[in-house]
2 protein chains.
Amino acid sequence: MTPPKLLDEAALKERELQIINSAVLLIQKNGIENLTMDKVVAQVPFSKGTVYKHFIGKEDLLLAISNLAIKLLSELFSKAFIFQGCTRERMLLVNFSYLIYAILHPALFQTCICAKAPNVLGKSSAERIQEQEQLETKLMGAIFGIFEEAIANKSLVMPEYMDMQQLCFATWSMAYGTISLLSSEVEQCSGRTNLVVERELFNQSNLLFDGLQWQPLTKDKMHCSELKVALEQVFPSEIQQLKEKGRELKF
Amino acid sequence: MTPPKLLDEAALKERELQIINSAVLLIQKNGIENLTMDKVVAQVPFSKGTVYKHFIGKEDLLLAISNLAIKLLSELFSKAFIFQGCTRERMLLVNFSYLIYAILHPALFQTCICAKAPNVLGKSSAERIQEQEQLETKLMGAIFGIFEEAIANKSLVMPEYMDMQQLCFATWSMAYGTISLLSSEVEQCSGRTNLVVERELFNQSNLLFDGLQWQPLTKDKMHCSELKVALEQVFPSEIQQLKEKGRELKF
DNA sequence: TTAAATGTGTGACGAAACGTCACTGACGAT
DNA sequence: ATCGTCAGTGACGTTTCGTCACACATTTAA
């Protein structure tokens, strides 16, 4: 048996991460619909009781995975945020970092969507839910910052009937709707529809930004070719990973 | 060749509907996270074996409920479609019929969202999944028709880089993202954010339509007041139900 | 040094839910 | 009267969940 030590905060976090990672591997292998606590326990050098010390239940574990996933996504958002370019370009990059993330980490993305389901939130611990809210707020931060800059440098005028939070939400929910509805086709372009998620995301982003009169407008600039360059520059390793997956972005 | 059927088709459908309705009542009462097949069986004058003749499992039942819900939503869409007004106005009505539906039938809406989760689709029967695809295609029909008219009467010019299916999807996914992300606040405006779902839906619809240069543009017309009138005219009973729920639309 | 207290880990266990299958009985055909 | 068919049944085996009484280590007190 493992020699038990007394409370060590860092070790606890370490162990929690180990459990989460094992669960992610199981999701990748068997699909999220077949994840069970028993399997997780079997994968991990701890007993069921110990696992349940960290997570009050299966849903709580799912939400924990989702929260970790949001943290990873935040890093991509940050990279997009610090890109040298016009604000509209950078916001487009943010939306595409979300998409890249969904393609590269389907298990994590899937878990994020599932974690939004009421049956998951309904059974998770209050702390974990609170953490999710904080993380989402932080995630919005990147979007928020770009809008602020855009308004400051006059490339965007805030509509008088909207505030900053609404602007952020508009961008976020548009990308969320597009990607999640097409998530089944995110990995491989299935034949069911003619919709290609990266193209739709690109179009809808631009429609929304044009609707906001965010300069430069689509008709004035080749956003498409510029985005490709920016993606190569900001996400070189991620783009490479996509190529290795045989899933090059086409739009 | 065909064996003698002692049971007629209609009775089977009738019974299936009875099971579905019982399940919906259980969801309304206990929440979708607590729905179990055992409870459904207990609510229904049939045995478990019979219930499983209709649905291969719990997820299949959920998808069946979702499909029924889509049919109901179709009816609202149809009402919006035949409204006498400009095309942009009618599309706005379609989006709002979706919202009204989400508020009036939270259990059904919730089930629709859950039915999109991979763990549900992964365990449902192929036939039921196919039915879902057909219903969604049909649902898109109303949106499709309005776009066709808009293009025919020149109030909208199709962007050269998009086709009809993409246009439809853009509208749909925008509304989906907005409503589903705010669904937790759909019934009661929770204090967590300052976002009000009907207002965000209104704004984002108009931003998208403005981005498409869909006439008349927001700056040229009071879409807001006109929408209120149209809602009263097209959905009088639904608006009344909303008032009875103490959930008047404010935007 | 010993005993008690406290903290940590374990896995057997009961409850709950799932889905199946051997059986029943009704009804038509022979 | 007998047989075959099939809708319907619900008890049963299985899976999964989450708990809890116990075991063992470490610390503290005597």
Side-chain angles (χ1 to χ4, degrees), chain A residues 1-16 18-19 22-23 26-27 29-65 114 117 119-120 122-126 128, chain B residues 1-19 22-23 26-27 29-65 114 117 119-126 128:
Chain A
M1 313 300 184
T2 40
K5 309 169 214 168
L6 269 196
L7 254 169
D8 183 345
E9 197 70 25
L12 279 179
K13 276 288 163 200
E14 171 81 22
R15 198 167 58 180
E16 189 157 313
Q18 191 179 350
I19 298 172
S22 296
L26 282 172
I27 293 176
K29 201 167 67 175
N30 305 324
I32 197 169
E33 67 272 19
N34 292 319
L35 183 76
T36 70
M37 291 303 265
D38 285 348
K39 287 179 195 157
V40 172
V41 169
Q43 286 286 316
V44 137
F46 317 115
S47 74
K48 187 175 267 195
T50 303
V51 171
Y52 272 87
K53 276 259 156 55
H54 290 274
F55 311 98
I56 66 171
K58 183 184 177 178
E59 289 74 16
D60 200 41
L61 172 59
L62 284 179
L63 191 53
I65 296 173
C114 285
N119 60 332
V120 172
K123 289 184 185 171
S124 294
S125 69
R128 199 91 55 186
Chain B
M1 199 68 183
T2 45
K5 293 177 185 174
L6 304 178
L7 270 178
D8 64 298
E9 200 70 24
L12 279 178
K13 277 286 164 201
E14 171 81 22
R15 198 167 59 181
E16 190 157 313
L17 212 62
Q18 191 179 351
I19 299 172
S22 296
L26 282 172
I27 293 177
K29 203 167 66 175
N30 306 325
I32 197 169
E33 67 272 20
N34 292 317
L35 183 75
T36 70
M37 291 303 264
D38 284 348
K39 287 179 196 158
V40 172
V41 169
Q43 285 287 315
V44 137
F46 317 115
S47 74
K48 187 175 265 195
T50 303
V51 170
Y52 272 87
K53 276 261 156 58
H54 288 275
F55 311 98
I56 66 171
K58 182 184 179 179
E59 289 74 17
D60 200 41
L61 172 59
L62 283 179
L63 191 53
I65 295 173
C114 286
N119 61 333
V120 172
L121 286 178
K123 288 184 185 171
S124 295
S125 69
R128 198 91 54 186

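All of these numbers come straight from a predicted model, not from anything done at the bench. A, B, ... follow the sequence lines: proteins, then strands. Residue 1 opens every chain.
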Student: D:dT19 C1' sits how many Å from A:Ile56 CD1, rounded?
Tutor: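 The answer, rounded to whole Å, is 14 Å.
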Student: Give a yes/no answer on whether the side chain of B:Arg15 brings an N or O atom under 4.0 Å of OP1 or OP2 in D:dG8.
Tutor: yes
Student: Between B:Val51 and B:Met37, what is the shortest heavy-atom contact and its length?
Tutor: CG1-CE, 4.1 Å
Student: Could you state the atom-to-atom distance from CG of A:Asp38 to P of D:dG18 in whole Å?
Tutor: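 Rounded to the whole Å, the gap is 10 Å.
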Student: Rounding to a whole Å, what distance do you find between A:Met37:CE and D:dT16:C1'?
Tutor: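 Checked: the CE to C1' distance equals 11 Å.
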Student: Below 4.5 Å, heavy atoms only, C-beta onward: do A:Thr50 and A:Arg15 meet side chain to side chain?
Tutor: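 They are in contact (side-chain heavy atoms under 4.5 Å apart), so the answer is yes.
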Student: With a 4.5 Å heavy-atom cut-off, do A:Phe46 and A:Lys53 have their side chains touching?
Tutor: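 Counting from C-beta outward, A:Phe46 and A:Lys53 never come under 4.5 Å.
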Student: Find the distance B:Phe55:CZ to C:dA17:P and express it as a whole number of Å.
Tutor: 19 Å
Student: Does a side-chain N or O of A:Lys58 approach OP1 or OP2 of D:dC17 to a distance below 4.0 Å, or not?
Tutor: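 A:Lys58 to D:dC17 OP1/OP2: side-chain N or O found under 4.0 Å.
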Student: Please classify the nucleic acid contact of A:Thr50 as base, sugar-phosphate, or nothing, using heavy-atom distances under 4.0 Å.
Tutor: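 Base contact.
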Student: Could you state the NE2-C1' distance from B:His54 to D:dA7, rounded to the nearest angstrom?
Tutor: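 Distance, rounded to whole Å: 10 Å.
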Student: Whole-Å distance between D:dG18 C1' and A:Leu61 CG?
Tutor: 14 Å
Student: When the distance from CG of B:Leu35 to P of C:dA16 is rounded to whole Å, what number comes out?
Tutor: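 The distance from CG of B:Leu35 to P of C:dA16 comes to 17 Å, rounded to the nearest Å.
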Student: The side chain of A:Tyr52 lies closest to which of these nucleotides: D:dT9, D:dG18, C:dG19?
Tutor: D:dG18
Student: Side-chain contact test, heavy atoms from C-beta onward, threshold under 4.5 Å: evaluate it for B:His54 versus B:Leu12 and give yes or no.
Tutor: yes
Student: Quick one: A:Lys48 NZ to C:dA12 C1', roughly how many Å, whole number?
Tutor: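 Rounded to the whole Å, the gap is 10 Å.
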